[in-house]
Peer 1: 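Next up is a structure, given as structure tokens.
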Protein chains: 2
Amino acid sequence: MAELLRVQGYGATGVKQVAAAAQAPIGSIYHHFPGGKREIAAAVLRTTGAAYIQLVPLLLDPYDDLVAGVGAFFEAAADDMENTGWANMCPVGTVTGEVADSEPGIRAVAAEVIGSWVDDASAYLVGRGVADPDARAVVFAMLGSLEGAFILSRGLRSSEPLRAAGRAMAAYVATVPQGAPARS
Amino acid sequence: MAELLRVQGYGATGVKQVAAAAQAPIGSIYHHFPGGKREIAAAVLRTTGAAYIQLVPLLLDPYDDLVAGVGAFFEAAADDMENTGWANMCPVGTVTGEVADSEPGIRAVAAEVIGSWVDDASAYLVGRGVADPDARAVVFAMLGSLEGAFILSRGLRSSEPLRAAGRAMAAYVATVPQGAPARS
DNA sequence: GTCTATAAAGGGATAGAC
DNA sequence: GTCTATCCCTTTATAGAC
């Protein structure tokens with residue numbers, strides 16, 4: 001269901017479609033997920049969340065200069081979108097926007113995933129020398145900018161919003177005071 | 001339908017629900033909008049788009065300092081969200097994310113609306129002394145950051161993402177070279 | 001142009017044989 | 001645990017009287 005949720009969103013994805021994609025009968029789906037569509041979506045959000053947070057150190061570690069790393073992060077996302085034909089990059093963002101006011105349970109799971117992203121990414125930035133209260137603000141700004149640029153780029157079929165967001169966030173991060181990295 | 005689309009999104013909003021809210025029978029809806037749900041949604045996006053672009057000069061004109069204006073813009077949005085119980089602020093962003101890969105016609109309309117936003121807001125910034133290529137990038141960064149922060153704030157039920165985005169965008173705009181405003 | 005009734009299709013979910 | 005058939009509801013959209 002992860003792939004379908006990412007491409008089509010929550011409302012447009014049917015359980016029957018999920019069963020077909022998984023080459024499993026519907027009965028089996030409901031046997032393993034008695035909560036039905038909601039439970040499956042929640043599981044997808046948690047799994048995706050855990051996978052995506054690993055990208056942060058993976059993509060930023062190679063850059064000694066955090067500002068350069070941030071710019072490269074957004075450029076990589078822009079390249080990915082172009083190469084995949086403007087596919088959705090993050091199911092968490094789109095599903096959150098879709099169900100935030102209509103599916104309280106799923107919204108709560110999304111909040112949990114986003115919260116853990118912020119905690120983990122903030123800790124990473126602190127390790128790279130960003131002071132503690134600033135780190136959290138930087139993560140919120142970057143994550144919001146990334147999710148918003150994903151939507152604009154998918155809607156416009158253009159990487160311009162994503163690349164503009166990258167330059168803006170790099171310029172912003174450059175204004176945030178940085179101490180020495182905790183580990184070399 | 002505008003209100004329902006804003007709160008529930010495209011998929012969760014039914015034509016019957018729209019008819020009930022408009023106190024009109026379904027037949028009348030289809031008489032005026034033969035294209036059905038899609039045509040209504042497209043009309044809503046265009047109307048909303050035209051209305052929202054007017055907010056830019058309205059909210060920024062009072063501030064001689066553009067950086068202060070940008071900060072106030074995001075703070076005002078954050079206050080609005082808190083006061084409305086985390087209601088969705090912009091149907092264009094959520095609907096775009098929802099249907100970008102499943103409803104080509106509506107995606108095209110969304111792209112048109114977003115494109116006109118960028119054109120108009122860029123022209124406004126040029127009038128405030130921001131150089132032409134920079135202005136477009138600033139608008140993309142701000143719009144993306146705003147839309148993304150809307151999603152995060154709605155999901156987390158917290159204005160923290162929106163306020164962090166505002167501080168980040170203010171810091172970014174402060175780094176963009178500005179000439180003298182075209183008109184005092 | 002307005003409204004009611006209904007068609008046609010698809011959704012989520014379940015029952016129960018195996 | 002697996003799978004099939006089916007229930008029940010809602011959806012979009014239309015037909016046709018008024």
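Computed from heavy atoms alone, side chains included, the values below leave out hydrogens, waters and symmetry copies. Throughout, protein chains are lettered first and strands after them, A, B, ... in sequence-line order, and every chain is numbered starting at 1.
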Peer 1: In whole angstrom, give the distance that lies between atom CD of A/Gln17 and atom P of C/dG11.
Peer 2: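 A/Gln17 atom CD is separated from C/dG11 atom P by 8 Å.
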
Peer 1: Nucleotide by nucleotide, 5' to 3', does protein get under 4.0 Å of the base (B), only the sugar-phosphate (S), or neither (-) in nucleotides 13-18 of chain D, counting heavy atoms?
Peer 2: BB----

Peer 1: In this structure, how many angstroms lie between the C1' atom of C/dG10 and the CD atom of A/Gln8, rounded?
Peer 2: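 The distance from CD of A/Gln8 to C1' of C/dG10 comes to 14 Å, rounded to the nearest Å.
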
Peer 1: Is A/Asp65 paired with A/Arg128 through a side-chain N to carboxylate O contact shorter than 4.0 Å?
Peer 2: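 No, this pair does not count.
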
Peer 1: Please answer whether the main-chain N or O of A/Pro91 pairs with a side-chain N or O of A/Arg6 as donor and acceptor at a distance below 3.5 Å.
Peer 2: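 No: the side chain of A/Arg6 does not pair with the backbone of A/Pro91.
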
Peer 1: Does either side chain, that of A/Gln8 or that of A/Thr13, offer a donor lying less than 3.5 Å from an acceptor on the other one?
Peer 2: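 Short answer, yes.
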
Peer 1: What is the separation between atom NE2 on B/His32 and atom P on C/dC3, rounded to the nearest whole Å?
Peer 2: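 One finds 9 Å between P of C/dC3 and NE2 of B/His32, rounded.
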
Peer 1: Provide, to the nearest angstrom, the distance between the CG atom belonging to B/Leu4 and the P atom belonging to D/dT11.
Peer 2: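 Nearest whole value for this atom pair: 12 Å.
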
Peer 1: Within this structure, what is the CD1-to-C1' distance between B/Ile29 and C/dA5, rounded to whole angstrom?
Peer 2: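 Result: 17 Å.
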
Peer 1: If I take atom CZ in residue A/Phe33 and atom P in nucleotide C/dG12, what distance separates them, rounded to the nearest angstrom?
Peer 2: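 In whole Å, C/dG12 P lies 15 Å from A/Phe33 CZ.
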
Peer 1: Please state how far atom NE2 in A/His31 lies from atom P in D/dT2, giving the value in whole angstrom units.
Peer 2: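 Those two atoms, NE2 and P, are 6 Å apart.
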
Peer 1: Does B/Glu75 use its side chain to pair, donor to acceptor, with the backbone of B/Gly166 at less than 3.5 Å?
Peer 2: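 No: the side chain of B/Glu75 does not pair with the backbone of B/Gly166.
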
Peer 1: For A/Gly49, does its backbone N or O pair with a side-chain atom of A/Trp117 as donor and acceptor, under 3.5 Å?
Peer 2: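 Yes: the side chain of A/Trp117 pairs with the backbone of A/Gly49.
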
Peer 1: Applying salt bridge (charged side-chain N to carboxylate O under 4.0 Å, His left out) as the test, list every pair that has at least one member in residues 143-156 of chain A; sequence neighbours left out.
Peer 2: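 Non-adjacent pairs meeting salt bridge (charged side-chain N to carboxylate O under 4.0 Å, His left out): A/Arg154-B/Asp101.
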
